[in-house]
Every structure is written in structure tokens, then in C-alpha cells.
Amino acid sequence: MRYFRLRFAAPLAVLVLAAVPAAASAQAVHKKQAPADGTAKKKVHPKTAFFDSEDPIDVTLSINVKRIRGDKGDDAPWRGATLSYADPSGKKIDIPIKARTRGIWRLKNCEFPPLRLNLPEKASIGTVFEGLNKPKLVSYCRNNDTFEQYILQEMQIYRAYNILTPASHKARLLRMTYTDSASGKTLTTRYAIVLEEPEAMAARFNGGIIETVGATADDLDPEHARLVGVFQYLIANTDFSINGLHNFELVAREDGSVLPIAYDFDFAGAINASYASVDPQFNVARVRDRLFRGYCAPAEEYEKTFSLFRTKKDAIYGLYTDKIGQLMNKKVADETLKFYNDFYKTIGDSRRAKHEILDSCRR
């Protein structure tokens, strides 16, 4: 066993982490490593009103497209860029920023890479982006309507997650126009997602981010672990590893509890992206095939979790007809709700729930 300490302004909390298996997932190529001294600090993060509204923002990103497309390595440099938008009076606001590529699959296979933005604090004061530091931008992969639907579908998954628990990343849509700063030409205008930064999300719970692989069920808040396991089953996502910190973050709170926070859902069956695949180690053939990968717990505890999902069902379904849901292709939205219907049939049938969820849990 390895012991890692997290530093807080208040009394210290200690987390015990077990050794991580050699391979956690076929997509888990890069894993975060522990700091050299085995510690992680709770960072002070500025508050932002950016996620208080769900209204999409019309924004232009101007960047040297050839350079950013060529940045494929893990140590890609920050590139100069500009974010522009019109304030309520119609005045154009230009914010000089930097951006760098990130990701694994999308970085290698997309026409335009996923980015991390770097917004200077002084330059963003008084703008709609004030308080953001280095958020992820989930940008378009292919310049067509089908791939834009994937962006909107993933946005809905984040919103559904927010309905179930505040211990999740906030997200906001941009209507992003991509312009090549070298030629002045516009590539396209597509929807994109800005995600709440891990430190900002953790700060909402007065916690800090753990960057050490190896967490087991015993390390996690059991109620929240059940919730995220069932949520991943709802959306049919198997592309994650809590133990390996693949598409998961851990938030350690001062009371000693640790919250597992999921993100990056583009391989989920609820989206059914044409490029999505399932790790061969799992006994499922397609991403639309649900496989429960949550941890084991008594049936009565899981029933409490199922009850939460039933309580939130109408709110989740309502996402697909509200102002954001109406941006989706209606056929896609309807197919997603039909896909969710099968999940609700499962948790509404004790025998089916036992067979597909309780008996399939990870011990």
C-alpha cells in the first residue's frame, strides 16, 4: 500500500491508495503521476460566472491552424490565439490567449484537435470569460453535421450528470467560428463545449484534486461511487478507469471523503459515435451494449441510487426538448431517449437489475 497526503488549509486528510493494475483500459494510454513528494495541493481558484448561464455564446477563435494541427506530441507548445465576441452592446471584445493541443484519440484522428485554452487573468477581467484559467475546449472533430451532433449529445450528458449531482463538471456551449490567423480565412462555425476546470470544480466542495493512480472502492465515497457507476451504465460508457484515472478525477475533501468525478463521454453508447469502440477485454460487442463496471454494494444501497435516477428522470428527459435540446437533430434526441428507456426498464425490474447490475459489479 502507498500513502499520499493532501495539503489543506484546514486539518490534513490522508488517503490510502492501493497499487494500480498494469493496464486499466485500452484507451488509457497516458496516466497522471503523483508529484515527486507524494503530495497534492488544494489550489485557490477564482470564481467565475461563466457557467451561470446555459445560453450558447457566439465566439471566434483565431489561431494558426497549420501549426496547431501539427502539434501531436504530449509536450505540445502553447500557441498564440485570440478569442473574440460581441458584448451586450454589440462592441467587439478581443482577448489575447494561448492554446495547446490535448487528448489521445481525437488529437490523432480529428480534422481540428481538442484544445486547452489559457486565458490571462488581466485580459479577461470584465469579459464573459472572467475567472476561467485553463479550461478544456471540446471542439469539432470532423466538419459535418453528424459530428456536430456528437458535440451536442455530449453536452447533454454533462447536463444530465449535473442534474444527478453537483459533484460533476459544469459545461457551456459556444457557437465557435474557427479562423486561420495566418490566412484570415474562416474554416467553419460549429458548436463547442467549454468545461469547468478540475480545480474550480473541486473548490466548490472545498477539496483538492488527487493526481495519483491506484484508488480502489474502499478509498471512495460509497454513495457517489454508486452514482457514477450507474450513470456510466445509463449512458453505456465503458471508456474509463477510476483506478487508472482514465477519464476520471478524484476530489479529496477535508472530511476525508473522496469523490470520483467522471468526464469525457464521447465513447458512450448514448452518443454512438461512428469512431467509438469497446475495449476487447470487455464482453460486449458494441458501444450501445451496456456493461456495468461499478463497484459492488448491498442491494438496498443500490436501490437508493436507482430511486435517485427515477426521481430525476423527468428532468433528464426534459433536457432533450429545452432550448439546448432543440439544437439537436430531433431524430437523434428521440433515439437517445429510447436508449434511456431501456435503462429505466432495467432499474424498474428487480430481477433484471440484479442480473445486469448487481451481479455484474466489480468486487
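FYI, side chains are in, hydrogens and waters are out, and symmetry mates aren't considered; it's all heavy atoms of this structure. Bear in mind the structure is a predicted one, so any value in this text is a computation, not a measurement.
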*When you check the gap from the basic side-chain N to the acidic O, do D342 and K345 get nearer than 4.0 Å?*
no
*Using a distance-only test with no angle check, is there a side-chain donor-acceptor pair under 3.5 angstrom linking S84 and D94?*
yes
*asked:* Check D266 with R106, please: is the shortest side-chain N to carboxylate O separation under 4.0 Å?
replied: yes
*Can you pull the salt bridge (Lys or Arg N to Asp or Glu O under 4.0 Å) pairs that have at least one residue in residues 353-362, sequence neighbours excluded?*
R352-E356, K354-D359
*Go through the structure and list residues passing side chain to side chain donor-acceptor pair (under 3.5 Å) with E130, not counting sequence neighbours.*
none
*With sequence neighbours excluded, tell me which residues meet salt bridge (charged side-chain N to carboxylate O under 4.0 Å, His left out) with D52.*
none
_Any side-chain donor near an acceptor of the partner, S62 and T82, under 3.5 Å_ = no
*Should we count CD of E223 as having more than 12 external heavy atoms under 6.0 Å?*
no
_Pairwise ring pair (Phe, Tyr, Trp, His ring centres under 6.0 Å) hits with a residue in residues 65-85, at least two apart_ = Y85-F129
*Could I get the full list of side chain to side chain donor-acceptor pair (under 3.5 Å) partners for R79, not counting sequence neighbours?*
D71
*Between CE on residue M155 and CD on residue E54, distance to nearest 0.5 Å*: 6.0 Å
*Taking atom NZ of K66 as the centre, report whether more than 12 heavy atoms of other residues, nucleotides or ligands fall under 6.0 Å from it.*
no
*Indicate whether any N or O donor in one side chain lies under 3.5 Å from an N or O acceptor in the other, for N237 and Q232.*
yes
*Roughly how far, to the nearest 0.5 Å, is OG1 of T305 from CZ of R226?*
4.5 Å
*Could R363 and Y295 be counted as a cation-pi pair, given that NZ or CZ must be under 6.0 Å from the ring centre and within 45° of the axis?*
no
*Just how far is it from atom NZ of K122 to atom CD1 of I125, taken to the nearest 0.5 Å?*
8.0 Å
*asked:* Whether K136 and D264 form a salt bridge (side-chain N of Lys/Arg under 4.0 Å from carboxylate O of Asp/Glu) is what I want to check.
replied: no
*Would the Y140 and Y178 ring centres measure less than 6.0 Å apart?*
yes
*Is a side-chain donor-acceptor pair under 3.5 Å present for E254 with N206?*
yes
_Pairs touching residues 87-179 that satisfy disulfide (SG to SG under 2.5 Å), sequence neighbours left out_ = C110-C141
*Ring centre gap for Y275 and F267 strictly below 6.0 Å*: yes
*asked:* Filter on disulfide (SG to SG under 2.5 Å), then keep only pairs touching residues 289-362, sequence neighbours left out; what's left?
replied: C296-C361
_Suppose the criterion is salt bridge (Lys or Arg N to Asp or Glu O under 4.0 Å): which pairs have a residue in residues 324-337, not counting sequence neighbours?_
K330-D334
*asked:* For Y233 together with F309, are the ring centres under 6.0 Å from each other?
replied: no
_A160: partners by side chain to side chain contact (heavy atoms under 4.5 Å, CB included), with sequence neighbours left out_ = F231, I316, L319
*Report yes if the distance between the aromatic ring centroids of Y161 and Y158 is under 6.0 Å, otherwise no.*
no
_Taking the cut-offs as 6.0 angstrom to the six-membered ring centre and 45 degrees off its axis, would you call R290 and F343 a cation-pi pair?_
no
*asked:* Going by disulfide (SG to SG under 2.5 Å), name the pairs with one or both residues in residues 183-283, residues two or more places apart or in two chains.
replied: none
*Scan side-chain atoms only and decide if Y320 and Y340 contain a donor-acceptor pair under the 3.5 Å cut-off.*
yes
*In chain order, what residues pass the side chain to side chain donor-acceptor pair (under 3.5 Å) check against S257, with sequence neighbours excluded?*
R253, D255
*Does one side chain, of E249 or H169, offer a donor that lies under 3.5 Å from an acceptor on the other?*
yes
*Which pairs count as disulfide (SG to SG under 2.5 Å) when at least one residue sits in residues 187-225, sequence neighbours excluded?*
none
*Are the side chains of F248 and S241 in touch, meaning some heavy atoms are under 4.5 Å apart?*
no
*To the nearest 0.5 angstrom, please state how far the CD1 atom of I97 sits from the CG atom of L117.*
4.5 Å
